[in-house]
Q: 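Just passing along the structure, written as C-alpha cells.
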Amino acid sequence: MRRKPIVKSLLYVLSASAVISAGHVYVSHADDLDNGVNNTATAATVNTNTTNSSINNVLGSQLTADNFISTISPIAQSIANSNNLYASTMVAQAALESGYGTSYLTQIANNLFGIKSFDGTGVKLKTSEYNSKGQAYSTFAYFKSYNSIMDSLQGYATFLTVNSRYANVFKSQAKDGFEAATNIQKDGYATDPSYASKLINIINTYNLTTLDGNTASTNTNTSTPTTPTTNSSSDTKNTNNTKTTTTKSKKTLATATYTYGNPLETFQLSSKFANYNLYTHVKDTTAKNVTGNWPGHLKAGSNVYVDCLAVRTYKGASTTWYRIKTSKNAKSYWVSAKAIDFPTIHIKEYNGKAKLSHANRGLYSNVFNSQTLAKSLGSSNSYKNQTFNVNQIATYTYHGKENTWYRINISNIGDVWVNKAGVTYTKAEKKVTKKKAKKVAKKKTTNKASVYSKASGHAYLNNYGKFALYNHIPGTSKHIQKTAWSQVKVPKDYKVGVNLKGIRTEYNTTWYRIVLNHKNYWISAKSLLFY
C-alpha cells in the first residue's frame, strides 16, 4: 500500500527535473550572496504593497510561454527604473532563467532568476552547473521562494545592488542593455559560456531595448517602506532593534542623465582632485555605492581617461560628474567635475572648404577635450579626398601643444568635427569686391534676411559671455533688443534648450534660438556646444 505514494513522489521529482531541463534553464548562477551568509536585504523582507494589487500579485503559475514577455515587462520596467538598471537585460534574464516562466522553480516558487537560498529554506532542486572546462554537471541546491513575480524581480535588483562585483551592470557603468548583458556574464552570474549571447539574442528578438527609453536614468524609489535590517546604504549604521518593529523610509535618491563619449579621450586632474571621492556610481543615485582610492602616483596634471558624463540632480540642484579610468586597464569610477581641469577652447566662425586626407582620422560630435565629451561619429577614411564646407574652427592648448579642429558638414551625418591632421588643406571663400558687392546687394533686395529651420534638443553654453542675447537675429528686424547676461540666470550645468535655427543670409552666419529662464533668446552658434 505504501508503494504508490513512493512511486508518485519519485515521478514528481523526475518531472520537476525534466521541466527545468526542457526549459534550458540553469538556475544556479546567482550563488555568491554575501559569500554564503544569509542576506536579509531581499525582496522577501521588503514591503512592496502598492495601490495596484493586480501587478503586485502576479504569480508564476499564471505565466506561460505566450504571455511571459507582455506580463512581466511593465513590472520589470518599473523596478529597473527605480534601481538604475536596464529593463531589457532584466526581462531577457528572466526569460532565459525561467524558460519563459515555464520552469518548475518559477511555477511553484515565483523564482524567475534562480537566486539561491543559503539558510536551508526555500525549494531544494536538482540543477545544472558548468565546470571550468565548460562541461555541464548536476547538483542539488536550495532556491529562494517569493510571494509573487514582483518580489522576484525586486529580489534580483536587490541582489545586484548588494553584491559590488555587479557594479558594471547598472546604467551608470554600462552604456546599454547589451553591454550590461555582456558584463553580467563577465562578473560570474552564469557559468554557461554562451550566456551573454543568449541574452542579447532575446533582447533583439523581442525588441526589449524599447523598455530602456533613452540614456537618462531616473531613480524614483524614494518612499518604499522597509524593515531596518534591509537598509543597504554603506553610510548608514544598522539600527535594528529586536524590540522595535517600526519601519524606516529609504533615503531619497538622486537622478542622473548620462552622455557617452570616446574611451580614448583624456583630461588632466585638477590641483584639488584628491579632495574628491571616487565612486562606483554617481553619488546618491543608488543605495549601495562603493568608494575607491586614488593611486599614489597620481598628481595634479596627470592624465585620466574619461568616457561618460552625467548630469546629477539632487534636491533641486544639478552637478556634473565624469566616469574615469586612471589607466586603460584600471577600474572605472565616477568623480565630480571639479576634480578635472578642462582646456579653454576658442571657436570662431569660418567660411571655407576642407579636403579630407586619406588618413584614418575620427569624426566626432565635439572637439576632443571639451567638457561635453566627443562621441565618435565615424571615420574620415570613408570620405577621403572629398571636399566639404567648413563653418567653424576650434583651437586650444593641451600639454603645451596647440590643437586645431574643423567643423565640417557631411550631408548624411550633419556637422562633425575633425582634427587638422585629418585635413589635406583648407581654403577660405574669396571675399566679394566692393563693385561686386553692390551688384549682389541689388540682387538680394528681394531675399529674406534669414532662413529658418526647425531645431530641437539641448546645447551647452560655451564662452557665452563674449556674445549677446537678442530677441531677433540682428539685421532681421527694426526692433532689435539686446539682453545682458547679468539680467538672466545661467544654469549651473550650462545646459539650455534649443527650438529654432537661423542662417543670416547676408553674412552666412548661424544662429540658434535658445530657452533661458523660460524665455526665448537668439544667440550666435559659436557660443554653443552640441553633443
Side-chain angles (χ1 to χ4, degrees), residues 27 29-30 33-34 38-63 68-69 71-98 101 105-106 109-118 121-123 143-164 166-167 169-171 177 180 184 189 208 211-212 217-233 247-253 281 285-288:
V27 293
H29 308 312
L33 193 57
D34 274 7
N38 181 34
N39 190 305
T40 58
T42 65
T45 62
V46 177
N47 180 0
T48 56
N49 292 329
T50 67
T51 56
N52 194 339
S53 59
S54 61
I55 292 180
N56 241 350
N57 298 323
V58 173
L59 303 177
S61 58
Q62 298 172 261
L63 298 176
F68 181 81
I69 297 295
T71 300
I72 77 161
S73 288
I75 312 173
Q77 187 176 36
S78 175
I79 291 174
N81 287 340
S82 298
N83 290 273
N84 197 23
L85 292 166
Y86 288 102
S88 59
T89 310
M90 182 183 289
V91 173
Q93 272 197 275
L96 181 60
E97 295 283 351
S98 70
L105 183 61
T106 299
N110 301 312
N111 190 330
L112 292 169
F113 298 93
I115 294 180
K116 287 182 178 178
S117 170
F118 294 100
T121 63
V123 181
F143 297 90
K144 286 185 176 292
S145 179
Y146 295 99
N147 294 327
S148 67
I149 292 302
M150 186 174 190
D151 284 347
S152 178
L153 290 164
Q154 180 59 58
Y156 163 84
T158 304
F159 172 79
L160 297 183
T161 300
V162 300
N163 284 275
S164 59
Y166 296 113
V169 177
F170 290 77
K171 284 186 176 180
I184 204 164
Y189 189 97
L208 297 180
L211 300 175
D212 298 329
S217 162
T218 303
N219 296 299
T220 56
N221 189 8
T222 60
S223 59
T224 304
T226 174
T227 58
T229 57
T230 63
N231 190 333
S232 58
S233 171
T247 59
K248 181 180 179 180
S249 296
K250 285 186 177 180
K251 179 181 178 180
T252 300
L253 298 179
H281 304 285
T285 57
T286 179
K288 186 73 173 180

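Keep in mind that what you see is a predicted model, and the values were worked out from it rather than measured. Just so you know, residue 1 is the first one in the sequence shown, and it goes up from there. Any value given below was found using the heavy atoms of this structure, including those in side chains, with hydrogens, waters and symmetry copies removed.
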Q: Kindly give the heavy-atom pair with the smallest separation between Thr89 and Gly177, and that separation in Å.
A: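 Taking Thr89 first and Gly177 second, the nearest heavy atoms are OG1-O, 2.9 Å.
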Q: Could you state the interatomic distance from CZ (Phe143) to CD1 (Ile115), rounded to the nearest 0.5 Å?
A: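 It comes to 11.0 Å.
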Q: Please determine whether side chain to side chain contact (heavy atoms under 4.5 Å, CB included) holds for the pair Asn83 and Tyr156, giving the CA-CA distance in whole Å, both sets of side-chain angles, and the decisive distance to 0.1 Å.
A: CA-CA 10 Å; Asn83 290 273; Tyr156 163 84; over 6 Å; no
Q: Report the distance from atom CG of Asn163 to atom OG1 of Thr158, rounding to the nearest 0.5 Å.
A: 10.5 Å
Q: Quick check for you: to the nearest 0.5 Å, what is the distance between Met150 atom CE and Ile72 atom CD1?
A: 12.5 Å
Q: If you look at every heavy atom in Gln62 and Leu59, which pair is closest and at what distance?
A: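 Distance-wise, the nearest heavy atoms are OE1-N, 2.8 Å.
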Q: Ignoring hydrogens and geometry, is there a side-chain-to-backbone donor-acceptor pair from Thr106 to Gly101 under 3.5 Å?
A: no
Q: Roughly how far, to the nearest 0.5 Å, is CG of Asn110 from OG of Ser98?
A: 11.0 Å
Q: Please report the closest heavy-atom contact between Ile79 and Ala157, naming both atoms and the distance.
A: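 Where Ile79 meets Ala157 most closely, the heavy atoms are CG2-CB, 4.0 Å.
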Q: Nearest 0.5 Å please: distance from the CG atom of Leu160 over to the CG atom of Asn84.
A: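 Rounded to the nearest 0.5 Å, the CG-CG separation comes out at 11.5 Å.
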Q: Ignoring hydrogens, what is the shortest heavy-atom contact between Leu85 and Lys171? Give both atom names and the distance.
A: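 Leu85 and Lys171 have their closest heavy atoms at O-CE, 3.2 Å.
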Q: With rounding to the nearest 0.5 angstrom, report the OG to CD1 distance, Ser61 to Ile149.
A: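 So the OG of Ser61 and the CD1 of Ile149 are separated by 8.5 Å.
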Q: On a heavy-atom basis, which atom in Ala167 and which in His281 lie closest, and how many Å separate them?
A: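 Here Ala167 and His281 meet closest at O-CE1, 3.4 Å.
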Q: List the atom of Tyr166, the atom of Tyr189, and the distance in Å for their closest heavy-atom pair.
A: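 Shortest heavy-atom contact: OH-CA, 3.5 Å.
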Q: How far apart are the C-alpha atoms of Ser88 and Asp212, what are their side-chain angles, what is the distance that settles it, and do they pass the side-chain hydrogen bond (donor to acceptor under 3.5 Å, both in side chains) test?
A: CA-CA 6 Å; Ser88 59; Asp212 298 329; 2.6 Å; yes
Q: Test Gln93 against Ile184 for side chain to side chain contact (heavy atoms under 4.5 Å, CB included), laying out the working first.
A: CA-CA 10 Å; Gln93 272 197 275; Ile184 204 164; 3.1 Å; yes
Q: So, do Leu208 and Ile69 sit near enough that their side-chain heavy atoms are less than 4.5 Å apart?
A: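 SC-SC contact between Leu208 and Ile69 confirmed.
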Q: If only atom types and distance count, is the side chain of Asn111 paired as donor or acceptor with the main-chain N or O of Phe113 below 3.5 Å?
A: yes
Q: Are the side chains of Val169 and Met90 in touch, meaning some heavy atoms are under 4.5 Å apart?
A: no
